[in-house]
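All of these numbers come straight from a predicted model, not from anything done at the bench.
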Amino acid sequence: MIDLIFGGNGRITEAIWTTISGWIVTLRTRRRMKKSLGRSASDLELASLKTWMRVEEAEQRDKESSPIHPR
């Protein structure tokens, strides 16, 4: 069993890492949309280009209105 998980063709390991990384990306995406829109986004809105355009506009406004921080 251990050989199937860590050795061999690694399909199980690859599936686990893909699932975990997909979950992390979804959480980050939801957090970004909630911050920009001021509310939680539905699953349909996560894939909507119109919603993403609103997020971009909100982030751009926040960027322009924030004080400049020297690097």
With sequence neighbours excluded, what pairs up with Arg39 under the salt bridge (Lys or Arg N to Asp or Glu O under 4.0 Å) test? Glu45
Does Glu57 have any salt bridge (Lys or Arg N to Asp or Glu O under 4.0 Å) partners at least two apart in sequence or in another chain, and if so, which? none
When clusters are formed by joining ILVMFWY residues with side-chain heavy atoms under 4.5 Å apart, either directly or through shared neighbours, do Met53 and Leu37 land in the same one? no
Qualifying side chain to side chain donor-acceptor pair (under 3.5 Å) pairs with a residue from residues 27-37, counting only residues at least two apart or across chains: Arg30-Asp43, Arg32-Glu56, Arg32-Glu59
Using 0.5 Å steps for rounding, measure from the CD atom of Glu14 to the OG1 atom of Thr19. 10.0 Å
Taking Trp23 as the starting point, is it possible to reach Ile16 by hopping between hydrophobic residues whose side chains are less than 4.5 Å apart? yes
Sorted by chain and number, sequence neighbours left out, side-chain hydrogen bond (donor to acceptor under 3.5 Å, both in side chains) with Ser48 holds for Thr51
Treating Ile, Leu, Val, Met, Phe, Trp and Tyr as nodes and any side-chain heavy-atom pair under 4.5 angstrom as an edge, say whether Leu44 and Trp52 lie in one connected cluster. no
